[in-house]
Amino acid sequence: MRVATWNVNSVKQRKARFLPWLDERLPDVVCLQETKLADDAFTALLGDDLAERGYQVALNGEVQWNGVALLSRVGLDDVVRGLPGGPGFPHQEARAVSATCGGVRVHSVYVPNGREPDSDHYRYKLDWLAALRDAVHRGPEAVVVCGDINIAPTDADVFDPAAFAGHTHVTEPERAALTALLDLGLRDVVRDRWPDERVFSYWDYRAGMFHQDLGMRIDLVLAGAPVADRVAAAWVDRKARKGTGPSDHAPVVVDLDTAPDGDIGPVVPPPSARGRTGKLPQSRGR
DNA sequence: ATGTCACGCCGAGCGTGA
């Protein structure tokens with residue numbers, strides 16, 4: 001089972017990059033962040049394209065900012081939108097959606113940026129992370145938290161720690177909030193796979209930062225032990241950051257080996273085995 | 001001192017967010 005997460009920075013602006021990427025990488029589960037689109041507009045934009053490819057869709061979007069999605073072709077059950085009891089700014093924003101896909105509880109999250117240390121938005125970020133921890137804590141051990149976490153776990157996850165001193169994404173309270181989440185038994189599977197490599201997932205659009213590989217690793221896949229033990233590959237898809245019209249984030253891709261009991265969840269037949277339209281039933285999720 | 005994008009707004013360029 002291939003799980004991918006990608007902050008697309010507007011799915012409307014990214015459609016021409018997203019669909020070819022989907023057809024090349026063929027992920028079974030896709031977590032999207034910063035879709036920047038209300039749910040009806042998302043469905044109008046991509047509903048048919050995703051149904052043709054066998055994906056069910058769970059959405060939590062809003063008109064202008066934020067927005068997350070969860071796509072799955074290995075089942076999409078028990079969808080939860082948002083973080084129950086989570087904080088707002090001031091209202092609850094569209095930053096989380098979760099569902100059970102192929103036997104794994106999958107969370108697609110877009111953690112608040114924090115803007116400036118000790119700002120209202122920074123405190124909101126810490127509160128939001130605490131609510132995420134609570135939600136994961138209440139759920140099963142077979143869990144994966146995927147998304148734009150907006151925290152560089154260590155100084156090795158930024159191109160120059162000195163350049164980030166006093167800024168968000170690297171402060172002790174943010175890292176402590178991430179550690180509290182990891183302490184539930186989650187593992188940062190990309191760092192586990194590449195312990196000593198320079199691995200970034202985000203590069204500012206400005207100043208040729210990508211070209212110089214001056215980035216940060218803030219898009220993470222955090223897996224509970226039953227999932228982390230199945231990781232066969234974990235990597236950042238830098239190719240998706242190249243060329244024209246990219247997001248400022250690259251996708252993170254994780255392959256899971258077959259579960260110990262051999263249950264890989266519902267299997268979607270290939271297009272040739274489908275009906276005349278090549279389409280599968282749509283998700284009933286809004 | 002954001003070398004960039006993307007958003008709404010309603011018709012262009014500005015304020016906001018990252």
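Throughout, a chain's letter reflects where its sequence line sits, starting with A, and its residues are numbered from 1.
Using a 4.5 Å heavy-atom threshold, the side chains of V231(A) and R187(A) count as separate.
When each of R217(A), H169(A), R198(A) is tested with D157(A) by the rule side chain to side chain donor-acceptor pair (under 3.5 Å), just one qualifies, namely R217(A). When each of Y202(A), F200(A), Y205(A), W203(A) is paired with F210(A), the ring-ring contact (aromatic ring centres under 6.0 Å, His included) condition holds for W203(A) and for no other.
Taken together through direct or relayed side-chain contacts under 4.5 Å among Ile, Leu, Val, Met, Phe, Trp and Tyr, V221(A) and I218(A) form part of one hydrophobic cluster.
Separating the C1' atom of dC7(B) from that of dA12(B) is a span of 15 Å, rounded to the nearest Å. Spacing of P atoms, dC10(B) relative to dT16(B), comes out at 16 Å, to the nearest Å. One P atom belongs to dA6(B), the other to dG11(B), and the distance between them is 23 Å to the nearest Å.
Following rounding to the nearest Å, D204(A) (CG) and dA6(B) (C1') show an atom-to-atom distance of 13 Å.
A centroid separation of less than 6.0 Å is found between the aromatic rings of F164(A) and F159(A).
The phosphate of dC5(B) has neither OP1 nor OP2 within less than 4.0 Å of any side-chain N or O from R14(A).
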Protein proximity profile, nucleotides 7-18 of chain B - base contact B, sugar-phosphate-only contact S, no contact -, cut-off 4.0 Å on heavy atoms: BS-------BSS
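Relative orientation of the F89(A) and H121(A) rings is perpendicular, given thresholds of 30° and 60° on the angle between their planes.
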